[in-house]
Amino acid sequence: MNPRTVYLDHAATTPMAPAAIEAMTAELALVGNASSLHASGRRARRVLEESRERIAAALGSRPGEVVFTSGGTEADNLALKGAFWARRAQDPARTRILSTTVEHHAVLDPLHWLANTEGADIELVGCDATGRLDLAAMKAAIERDPASVAVISVMWANNEVGTLQPVSEIAAIAAEHGIPVHTDAVQAVGAVPVDFATSGVDALSLTGHKLGGPVGAGALVVRRELELTALVHGGGQERDVRSGTHATAAIVGFAAAVELAVKEQEAYAIRVGELRDRLVEQVLATVPDTHLNGPPLGHDRLPNNAQIAFPGCEGDSLLMLLDAAGVECSTGAACSAGVPQASHVLLAMGQTDEQARSSLRFSLGHTTTPEDVDRLVAAIGPAVERGRAAGLQR
Ligand SMILES: Cc1ncc(COP(=O)(O)O)c(C=O)c1O
């Protein structure tokens, strides 16, 4: 019998929590469009609004601030394009958007699109070797000409190397100038404490499938005062900002997962953090000449992320060797037309193209066990040996 696959790619997507599956499947069996006026519609509306209230309570926001979307990518697009269009319509001088070099493509690509088609001036602030943004440079960019800034976007936690960003500090500086701040908290909710009200941000993206909910449901939590221009027009759902029939069953599953993930966050961070530390220590002890990317253990990082560089190896080849040994992980960076691309995050952290292509991301989750770590540790040595031998032959 094949031993169980070791899944260490929870930052890509994580298994649904049993409570979320239960809530979602019960709802799937029922009918009702939450916009219909009859009893079935009213029932669907009731569970939709209860879901909104549960998510708001878990995240420290008001129910009216939760806008349901299809996930993180849509929430990021809505925040950036929606805020840019609305703020520029109020004042045409607001053409600048400030962000960072280490954002996810769900932020970077809408920004490039706004620059290429809408005349936005995008300024990406750099980071240090651990992936933490240069706060002084961000402050200087804000203060250079605050009246010209439409919106600022800084991720709460980096998806590749796990670095936490000083989001509240930026929100405090931006607030002095009345500039709205968006944060992509897709990797943060359930992993570290996230409270919308006290964070000071104006908009926050999250998604179900990274925290035990289904793929296809997410939200943008957004202050009522921040005007957004809609991207999708139609039936006027979600206070006219995001039209489309509500995916009630997915939203119910999403709400159950958010509630659980936030309730268990502290215990999760301790348990998974210990497993992650053990994983890093043992992999570094087993394979010579390797190092952890991002902040050192115990410093401003996600508890479940371990991205490790294996110099002399091509990350993609190593990933396939581990896959053959039953261990699933990620390189973190995209593969374009079959050609491995160096991660823009690692390049922004000052690594060379070759260094950046030699890393693998191991991300842990609720289902990770000590045996999973042992299986990776047993598999990694021979895989790196083969990967390095193949690298030498090229
Ligand atoms: C930081 C970050 N933002 C946004 C996304 C996109 O979220 P979704 O898959 O829900 O569209 C991801 C997913 O990988 C992510 O890690």
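Along the sequence shown, the residues carry numbers beginning at 1. Order of appearance sets the numbers: ligands from 1, and atoms from 1 within every ligand.
In terms of the salt bridge (Lys or Arg N to Asp or Glu O under 4.0 Å) criterion, residue partners of K139 (sequence neighbours excluded) are, by chain and number, E143.
No more than 12 heavy atoms of other residues, nucleotides or ligands shown are found within 6.0 angstrom of CZ on R62.
For the pair R96 and F84, the cation-pi test (distance below 6.0 Å, angle within 45°) is failed.
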query = Would S363 and N304 satisfy side-chain hydrogen bond (donor to acceptor under 3.5 Å, both in side chains), going step by step from the backbone distance to the final call?
reply = CA-CA 5 Å; S363 50; N304 60 332; 5.8 Å; no
task = Output, in order, the C-alpha distance, side-chain angles, deciding distance and verdict of ring-ring contact (aromatic ring centres under 6.0 Å, His included) for H105 and H344.
result = CA-CA 10 Å; H105 278 289; H344 69 279; 4.8 Å; yes
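Using a 4.0 Å heavy-atom criterion, the residues that approach ligand 1 are G71, G72, T73, D76, H104, A106, M155, N159, D184, V186, Q187, T207, H209, K210.
Note on ring orientation: taking the six-membered ring where Trp is involved, the planes of F68 and H246 are perpendicular (angle over 60°, cut-offs 30° and 60°).
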